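Model, not experiment: these values are computed from the prediction.
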Amino acid sequence: MTTPQQQILDKCKEVVAQAKELYGMDLSEVRVSFELRGKAAGKAGGRGYNLPANAYYVKFNKDMLTREAFDHLLNNTVPHEYAHIVCFMKTSLGKNHDAGWERVCAALG
């Protein structure tokens, strides 16, 4: 049986493949962790804009892996956070939660 954490990691791989196909970006070096605390399901960040993928991270809230929020985390939060990474790496696509970012987010799932 696949653990919830592994399901999230598998979804990350799917979204990374989608980003490569759609935007030509290799996000495979984005760091993924499950150390986020509090009420947020996920967080994307890094050292700045227009940097290589290894300068960025995506954190997920481990406490939400066992709650009813899991499906939302899997199907919405993962693409949401990777959309931020895509926009961090190519700012012309969008920023924060603007219309450009929304297009990227929808395209990633």
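Contact of the Q5 side chain with the F34 side chain is registered, since non-hydrogen atoms from C-beta on lie closer than 4.5 Å. R37 has its side chain out of reach of N61: every pair of non-hydrogen atoms, C-beta onward, lies at least 4.5 Å apart. Side-chain atoms of V30 and N54, non-hydrogen and from C-beta on, never get closer than 4.5 Å to each other.
A side chain to side chain donor-acceptor pair (under 3.5 Å) check over residues 9-19, counting only residues at least two apart or in different chains, returns the pairs Q6-D10.
Residue Y56 forms a ring pair (Phe, Tyr, Trp, His ring centres under 6.0 Å) with just one option from F88, Y82, Y49, and that option is F88.
Criterion: ILVMFWY side-chain heavy atoms under 4.5 Å apart, direct or through other members. Under it, L51 and Y57 are not part of a common hydrophobic cluster. Side-chain heavy atoms closer than 4.5 Å link hydrophobic residues (I, L, V, M, F, W, Y) into clusters, and following such links, even through other members, never connects V32 to L36.
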Can I get a per-line list of side-chain donor-acceptor pairs under 3.5 Å for residues 96-108, giving both atom names and the distance, sequence neighbours left out?
| residue | atom | partner | partner atom | Å |
| --- | --- | --- | --- | --- |
| H97 | NE2 | H80 | NE2 | 3.2 |
| H97 | NE2 | H84 | NE2 | 3.2 |
| D98 | OD1 | K95 | N | 3.1 |
| D98 | OD1 | G100 | N | 3.2 |
| D98 | OD1 | W101 | N | 2.8 |
| D98 | OD2 | K95 | N | 3.1 |
| W101 | NE1 | H84 | ND1 | 3.3 |

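Residues forming a salt bridge (Lys or Arg N to Asp or Glu O under 4.0 Å) with E29 (at least two apart in sequence, or on another chain): none.
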Check step by step if side chain to side chain contact (heavy atoms under 4.5 Å, CB included) holds for V58 and R31.
CA-CA 6 Å; V58 177; R31 296 178 316 262; over 6 Å; no
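Of the inter-residue distances, the one linking L73 atom CG with D63 atom CG reads 11.0 Å to the nearest 0.5 angstrom. Between the CD1 atom in I8 and the CG atom in L74 there is a gap of 4.5 Å [rounded to 0.5 Å]. Between the CE atom of M25 and the CE atom of M89 there is a distance of 5.5 Å, given to the nearest 0.5 Å.
For I85 against A44, the heavy-atom pair with the smallest separation is CD1-CB, 3.8 Å.
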